[in-house]
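Data block below; observations after.
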Amino acid sequence: MKKTTRIYLLAFGLLAAGLGYLFVSGLGENSVYFLNVSEAMAAEPDKLRQARLFGLVSPADLSHSTGSLAFRLVDKDDSSLRIPVVYTGIVPDAFKPGAEVIVEGGMNSEGHFRAKALMTKCPSKYQKENRS
């Protein structure tokens, strides 16, 4: 093999190894699980240290005090499955009982999901009508 060919192969190998390392290390540190309520309740606790949960806002147990919001996130398919959520921050305008929401944060030792982000699904009035 020529010397230049060896250099190119070596450079390509180093580049591939570096990109592979960055990919694997980035996935491990920044992975966030996206789960519905039933999946979250069945998950191992270490999966819930950093997660996004999807569900509906329960009309019961909804309390809003200065700078803090507490509610229960209900599974969309099984309304008996609920996770208590505590959120501190700006509440979206579309937030209301029965709304579909996504919360991002982690489970604390008391069994409450401490949300650092709260997002609501856009209401259907913003979606294009299907006229047949």
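We count residues from 1, following the sequence as given.
- Residue Leu53 is not grouped with residue Val74 when hydrophobic side chains (ILVMFWY) are merged at heavy-atom distances under 4.5 angstrom, including chains of intermediate members.
- Shortest non-hydrogen contact noted between Pro84 and Gly111 is CG-O, 3.6 Å.
- To the nearest 0.5 angstrom, Leu56 atom CG is 7.5 Å from Leu73 atom CG.
- Nearest heavy-atom pair, Arg82 versus Ser58, reported as atom, atom and distance to 0.1 Å: NH1-OG, 2.9 Å.
- Within the 4.5 Å cutoff, the side chain of Phe95 has heavy atoms near those of the Leu62 side chain.
- Remark: Leu14 CG to Leu19 CG distance equals 11.0 Å, nearest 0.5 Å.
- A continuous path of hydrophobic side-chain contacts links Val101 to Tyr87 [ILVMFWY only; heavy atoms under 4.5 Å].
- Between Ala40 and Leu48 the shortest heavy-atom distance is O-CD1, 3.3 Å.
- In the displayed structure, Ile90 atom CD1 is contacted under 6.0 Å by at most 12 heavy atoms of other residues, nucleotides or ligands.
- Looking at Thr120 and Lys96, their side chains never come closer than 4.5 Å, going by heavy atoms from C-beta outward.
- Residues Leu81 and Asn36 form no side-chain contact, since every pair of their non-hydrogen atoms from C-beta on lies 4.5 Å or further apart.
- If you take CG on Leu35 and CD1 on Ile102, they are separated by 11.5 Å, rounding to the nearest 0.5 Å.
- Here the straight-line distance linking atom CZ of Phe54 with atom NZ of Lys121 works out to 6.0 Å at 0.5 Å rounding.
- Side-chain contact between Asn108 and Val86 is absent, with no heavy-atom pair separated by less than 4.5 Å.
- One finds the CZ atom of Arg52 at 10.0 Å from the CZ atom of Phe113 (value rounded to the nearest 0.5 Å).
- A 4.5 Å side-chain heavy-atom check between Ser38 and Asp77 finds every atom pair outside the cut-off.
- Here the straight-line distance linking atom CE of Met41 with atom CE of Met107 works out to 8.0 Å at 0.5 Å rounding.
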